[in-house]
2 protein chains.
Amino acid sequence: MTKDLDTEGRILVAAKRVFVRKGYTGARMQEIADEAGINKGLLHYYFRSKDNLFSSIFEEAFRELAPRTIEIFESDAPLFTKLEQFVDRYIDFLTEHPYLPAFVIQEINQHPEALFEKIEKSGFRPNPMKLVMQIQMEIQKGNIRPINPIHLVLNLISMCVFPFVARPMMQHMLQVGDEDYTEFMKSRKDVILEFVKNAIMVNREP
Amino acid sequence: MTKDLDTEGRILVAAKRVFVRKGYTGARMQEIADEAGINKGLLHYYFRSKDNLFSSIFEEAFRELAPRTIEIFESDAPLFTKLEQFVDRYIDFLTEHPYLPAFVIQEINQHPEALFEKIEKSGFRPNPMKLVMQIQMEIQKGNIRPINPIHLVLNLISMCVFPFVARPMMQHMLQVGDEDYTEFMKSRKDVILEFVKNAIMVNREP
DNA sequence: GTCTATAGGTAGATAGAC
DNA sequence: GTCTATCTACCTATAGAC
């Protein structure tokens with residue numbers, strides 16, 4: 001567990017762990033200092049305030065999460081390829097960072113205005129128009145069933161992300177441990193993809 | 001806004017508002033007292049501690065939310081009727097209590113063990129077997145496509161609940177206000193239902 | 001840069017008057 | 001039952017030695 005990082009790096013790693021675990025209000029500077037193996041004073045030397053430190057962490061978490069959410073918007077691939085790639089990559093990413101979505105959602109729910117300001121300034125401006133038009137195109141060509149593109153994308157993201165947000169609840173109900181749930185989510189990739197395909201694909205038989 | 005409730009009732013209403021808004025760690029006893037129009041001392045007179053007060057609130061919130069999640073498990077209706085009723089009622093309920101899911105999920109993520117203990121004691125024991133077997137039956141009869149019943153139910157719940165959990169994010173991206181988003185969720189009922197039907201229904205043409 | 005010590009503020013909880 | 005005043009503990013942040 002020994003990190004060969006400089007002090008600032010160790011603080012960031014520790015802070016991320018604590019903030020993600022406890023949220024902003026629940027996190028204690030003392031706990032972050034302990035986890036980083038330094039003392040409280042030094043936290044304020046590197047990051048002037050708790051708020052400052054949190055901003056760094058949140059923006060990092062958001063920046064890891066968001067691009068993967070919206071990369072689906074920008075790609076040039078055909079629709080079905082896009083869906084397939086998205087489900088595969090997104091669930092892989094969330095499996096490696098299972099607590100990120102709940103953290104980001106929790107903080108956004110509690111300080112929406114403040115955080116959206118930060119997000120804006122960090123240059124985050126997703127443009128779903130390309131994907132929306134691509135979906136509408138496929139509908140017009142008769143390749144997929146008519147559906148509001150926003151709902152389609154929301155359905156896809158919901159099915160990928162929600163099981164991670166509700167993970168403790170799910171594991172408790174299914175009575176499974178971490179490894180089993182990871183396996184469950186892996187197998188879920190194909191399930192989601194087939195589910196979506198069946199939902200939108202048009203019958204070729206007349 | 002004047003409540004003709006006794007003091008205990010006013011405290012509960014105020015506490016629910018504050019806890020749901022700020023979460024356990026973020027909520028302040030002072031703020032709850034202010035919101036109830038009483039003073040701090042009285043809070044401890046009625047509920048011995050913050051933890052005690054929180055338990056009452058959380059159990060109430062969970063009890064409101066959970067039965068509607070699992071009523072789908074118990075009903076005797078045919079599968080498609082069940083799906084239809086669930087989507088309709090659940091989204092109606094969440095529209096009236098839009099912040100409940102995020103609150104429950106957030107607190108469960110932060111104190112899983114403690115809260116599951118409370119939940120167990122409150123007699124919450126969902127039995128999904130009935131629904132699982134009903135789905136397997138429909139698959140065997142060839143009425144719906146083969147799918148792991150757990151995934152099917154999870155898909156349904158994800159599409160209903162996630163848009164509320166991620167509501168601030170969604171409203172920010174779609175640039176819509178509360179009323180528009182409520183309208184969006186209303187129209188979503190039919191979208192989800194048709195989406196699921198298409199996903200699982202078997203082609204009658206050979 | 002890193003530490004210890006402490007200031008300054010606020011939280012939850014209690015005591016006691018009315 | 002309801003209030004005010006206060007206790008104790010803890011948190012963020014700062015000051016200052018090394």
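What you are looking at is a predicted structure, and each value in this text was computed from that prediction instead of being measured. Chain naming here is simple, since letters A, B, ... match the order of the sequence lines and numbering starts at 1 in each.
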Problem - Donor-acceptor under 3.5 Å (B/Lys197 side chain, B/Phe80 main chain) - result: no

Exercise for the section: Would you check if the distance from the ring center of B/His97 to the ring center of B/Phe164 is below 6.0 Å? Expected result: no

Exercise for the section: Let me know the distance between CG of A/Leu42 and P of D/dT14, rounded to the nearest Å. Expected result: 14 Å

Problem - Under-4.0 Å side-chain N/O to phosphate OP1/OP2 contact, A/Arg28 with D/dC10 - result: no

Problem - Presence of A/His44 side-chain N/O under 4.0 Å of D/dA13 phosphate oxygens OP1/OP2 - result: yes

Problem - Donor-acceptor contact present, side-chain A/Lys82 to main-chain A/Ser75, <3.5 Å - result: yes

Practice task
Would you please confirm or rule out a distance under 4.0 Å between OP1 or OP2 of C/dC3 and any side-chain N or O of A/Asn39?
Solution key: yes

Exercise for the section: Rounded off to whole Å, could you give me the CD-to-C1' distance for the A/Gln30 and D/dA13 pair? Expected result: 13 Å

Fill in the blank from the handout: When rounded to whole Å, the NZ to C1' distance for the pair B/Lys40 and C/dT14 reads 11 Å

Practice task
Considering only NZ, NE, NH1 and NH2 on the basic side and carboxylate oxygens on the acidic side, decide whether B/Glu31 and B/Arg21 come within less than 4.0 Å.
Solution key: yes

Handout entry: Euclidean distance, atom CG of residue A/Asn52 to atom P of D/dT12 [Å, nearest integer]
Key = 14 Å

Exercise for the section: Identify whether any heavy atom of A/Ala27 sits under 4.0 Å from a base atom; if not, whether one sits that close to sugar-phosphate; answer base, sugar-phosphate or nothing. Expected result: sugar-phosphate

Completion exercise
When rounded to whole Å, the OH to C1' distance for the pair A/Tyr45 and D/dT14 reads 15 Å

Exercise for the section: Respond yes when some side-chain nitrogen or oxygen of A/Thr7 is under 4.0 Å from OP1 or OP2 of C/dT2, and no when none is. Expected result: yes

Problem - Interatomic distance where CG belongs to A/Leu43 and P belongs to C/dC3 [whole Å] - result: 10 Å

Exercise for the section: Give the rounded distance in Å between these two atoms: CD1 of A/Ile11 and C1' of C/dT2. Expected result: 11 Å

Handout entry: Interatomic distance, B/Lys50 NZ vs C/dG12 C1' [rounded to whole Å]
Key = 8 Å

